[in-house]
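Data block below; observations after.
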Amino acid sequence: MINLNNKYHDLVAALKDQAPFTPDVALILGSGLGEFAGSVDTLKTISTVSLPGYPPSTVQGHEGKIHFAHYAGKNLMLFQGRIHFYEGYKLSQCVLPVFLAHKTNCRKVILTNAAGGINPVFVPGDLMLNASFNAYNIKKELSHLIGIISRESKDRILSFPSPGLNDKIRRAAMSEGICLREGVYWYVKGPSYETPSEIKMIGRFGGDAVGMSTVHEALYASYLGMEVAAITCITNYAAGISPVKLSHAEVTETANRVKHTFESLIKKIITLVD
Ligand code: HPA
């Protein structure tokens, strides 16, 4: 078990020093979805490079900023940019946003991400609520990170997603007239995209969308006892489903195309969370 309190003592102190409030909800903004941060009233922006020990972002479209903002009377903590395992970081680093949100006494987290669509009904630009996820290929590392030490902690890990939060997300989509898909997010380590045959296998095993993030944040948040949910932007057809070669540019382009729908969904969710 890795004790993040010891490891990140100075980082937590620096963040707490600057945090203007206790957030009602934290959001981690996935690839191409970071612009949401510009649509709310920002009180304070912290550049993550100024925080001691915070890993620098190496991925295009992941800014490395933490915003404290207001929307609809709610206090928000927005992570514009995330830390990926495929960047070569340790899982204990990848879960830092969730750990830091928890340290500011935030108890709800909404994770967002970009992913390739496998479910034949999905098209690029669809938003998908994560009904469940598959993280089998990183379970060993995750277990090591949180230390499966008791029956109680095992039970808590299984509580993703939080049913109450998912209900609110469904309600938000309905009231905004957004067709919200639902499905299983299948985690892959990356960093290269999948082969068509890998996608065929994942589809047969029940994966609806495939991506390289989120599951460690979700499990860690759940381990900390936070309410957690995740929303995926289907940015492309997964490998082999369309003849077009996959690229990070397609991912960010699609995310940019649906940014207004994404923004109205997230804003409605914020009004509904207590
Ligand atoms: N595969 C893995 N990760 C992704 C994809 C994909 O097709 N699209 C966006 N992130």
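As the structure lists them, so they are numbered: ligands from 1, and atoms in each ligand from 1. Both backbone and side-chain heavy atoms feed into the values below; hydrogens, waters and symmetry mates do not.
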* **Centroid separation H216 to Y187 less than 6.0 Å** => yes
Short N or O contacts of ligand 1 with protein, under 3.5 Å, listed by atom name?
residue  : atom   : partner : partner atom : Å
ligand 1 : 1 (N)  : E194    : OE1          : 2.8
ligand 1 : 1 (N)  : E194    : OE2          : 3.3
ligand 1 : 7 (O)  : N236    : ND2          : 3.0
ligand 1 : 8 (N)  : G116    : N            : 3.3
ligand 1 : 8 (N)  : N236    : OD1          : 2.7
ligand 1 : 10 (N) : A114    : O            : 3.4

* Asked: Same cluster for L180 and I269 if Ile/Leu/Val/Met/Phe/Trp/Tyr side chains link at under 4.5 Å?
  -> yes
* Are the aromatic ring centres of F160 and F133 under 6.0 angstrom apart? -> yes
* To do: Show your working on side chain to side chain donor-acceptor pair (under 3.5 Å) between S213 and N113 and close with a plain yes or no.
  => CA-CA 7 Å; S213 67; N113 59 52; 4.6 Å; no
Side-chain donor/acceptor pairs under 3.5 Å, residues 34-47, sequence neighbours excluded:
residue : atom : partner : partner atom : Å
E35     : OE1  : K259    : NZ           : 2.8
S39     : OG   : F36     : O            : 2.8
T45     : OG1  : H67     : ND1          : 2.9

* **Interatomic spacing from CZ in R181 to CG in L127 - rounded to 0.5 Å** => 10.0 Å
